[in-house]
Protein chains: 2
Amino acid sequence: MATELTIQQVAAATGLSVHTLRYYERCGLIASIDRAASGHRRYAADDIRWIEFLTKLRLTGMPIRQMQQYAALVRQHPDAAFGERRQLLIAHRQAVLQQIRQLEENLAVIYWKIQHYSKLEAQVQTNGNVKPSNAPV
Amino acid sequence: MATELTIQQVAAATGLSVHTLRYYERCGLIASIDRAASGHRRYAADDIRWIEFLTKLRLTGMPIRQMQQYAALVRQHPDAAFGERRQLLIAHRQAVLQQIRQLEENLAVIYWKIQHYSKLEAQVQTNGNVKPSNAPV
DNA sequence: TTAAAAGTTAGAGCGCACTCTAAGTCAAGC
DNA sequence: GCTTGACTTAGAGTGCGCTCTAACTTTTAA
């Protein structure tokens, strides 16, 4: 096929480093990549798509271990085990939703604190100082 | 004051381990905690509130380094430097909002994939197999 | 009074996810 | 032909954020 990319091109395309690409292959996240006669890796379009999906799992906080499980399912049963794969993704989706909820909860406190500082600053502008407080600042 | 807690009580209250509490103090995230005559730490209510805020920063992904900067500002200028502290939190808020956006973007792909697996499974139910595809699975 | 539990410190160790190095092979341009 | 840069491997190193250990002291409950 015409579109066979070198490792460096794949790095540029996916945002991963060449080191990380080799690391992912070594630890089983990526199946063995085709080689040129020289032994150099030649990535196919499918490989790129798989790597792009992997990075989405990573960016949503899935640990390498779990990605390895998922990758193993895909590799061992390319045309089956959809139920298992789906279950794994559903569990992950739950984790991500939970993570977003937690971020939003804590973010609310940060919003509050920023506003609080605005008020204190305004006090400094008018009074020259702030009245003592025992609240954590 | 009546409400002076031991390190273990604070661990239970905040969800941090006693190790982490000592570590946070050692690296300057928490100012020196009062000691009993024995040398044992005695945490005041204010300390707990500060630690709770710290954990919100951590849980939203703020690195220890940045928390140290923030803690230093609070410690060095307890009744001033509101502008600087506010700027730091505003920058962090931006980072968190960005993080949430990214999670949501990638989550959409995971949703799609789950649905895709549902369809493939349905195909297996009716056809006994799936038609070959060159899309990454 | 004494055993067990909880506290202290300095410093070592760990798990994760990369990230880099060394020593060598291969490819592309002058 | 030769240099420069990209590629290969196995394995070592890094940074982060804890987490644990060893050796010791203090508190608590039986």
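Everything numeric in this text was worked out from a predicted model, so none of it was measured. Just so it is clear, the values below take in all heavy atoms, side chains as well, and ignore hydrogens, waters and symmetry mates. Proteins get letters first, then strands, A, B, ... in listed order; numbering begins at 1 in each.
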Sugar-phosphate, base or nothing in reach of Arg41(B), heavy atoms under 4.0 Å: sugar-phosphate
Under-4.0 Å side-chain N/O to phosphate OP1/OP2 contact, Tyr23(A) with dC20(C): no
Passing option when Asn106(B) is tested against Val96(A), Leu59(A), Leu57(A) for side-chain contact (heavy atoms from CB on, under 4.5 Å): Leu59(A)
Atom-to-atom span, CE of Met67(A) to C1' of dC16(C) - whole angstrom: 13 Å
Short side-chain to backbone donor-acceptor contact, Arg41(A) and Arg22(A), under 3.5 Å: no
Euclidean distance, atom OH of residue Tyr43(B) to atom C1' of dT8(C) [Å, nearest integer]: 12 Å
Arg22(B) side chain near dT8(C) phosphate (N/O to OP1/OP2, under 4.0 Å): yes
Student check: side-chain heavy atoms of Tyr70(A) and Leu54(A) closer than 4.5 Å: no
N or O in side chain of Arg35(B) less than 4.0 angstrom from dT9(C) OP1/OP2: yes
5' precedence on DNA chain D between His19(B) and Ile64(B) (nearest-nucleotide basis): Ile64(B)
Pairs touching residues 55-66 of chain B that satisfy side-chain hydrogen bond (donor to acceptor under 3.5 Å, both in side chains), sequence neighbours left out: Thr60(B)-His92(B)
Terminal contacting nucleotides, 5' and 3', DNA chain D versus chain B (heavy atom, 4.0 Å): dG17(D) to dT27(D)
Can you tabulate the close N/O pairs, meaning under 3.5 Å, that link protein atoms to atoms of nucleotides 22-30 of chain C?
| unit_1 | atom_1 | unit_2 | atom_2 | d |
| --- | --- | --- | --- | --- |
| dA27(C) | OP1 | Ser38(A) | OG | 3.3 |

Side chain to side chain, Val10(A) and Thr6(A), heavy atoms closer than 4.5 Å: no
Ring geometry between Trp50(B) and Phe53(B) (parallel below 30°, tilted from 30 to 60°, perpendicular above 60°): tilted
Sugar-phosphate only, base, or nothing, as touched by Arg58(A) at under 4.0 Å among non-hydrogen atoms: sugar-phosphate
Residue pair Lys119(A) / Phe82(B), side-chain heavy-atom distance below 4.5 Å: no
Leu89(B) side chain near Arg86(B) side chain, heavy-atom distance below 4.5 Å: no
Salt-bridge criterion met for Glu104(A) and Arg93(B) (N-O under 4.0 Å): no
First encountered from the 5' end of DNA chain C, between Arg26(A) and Glu25(B): Glu25(B)
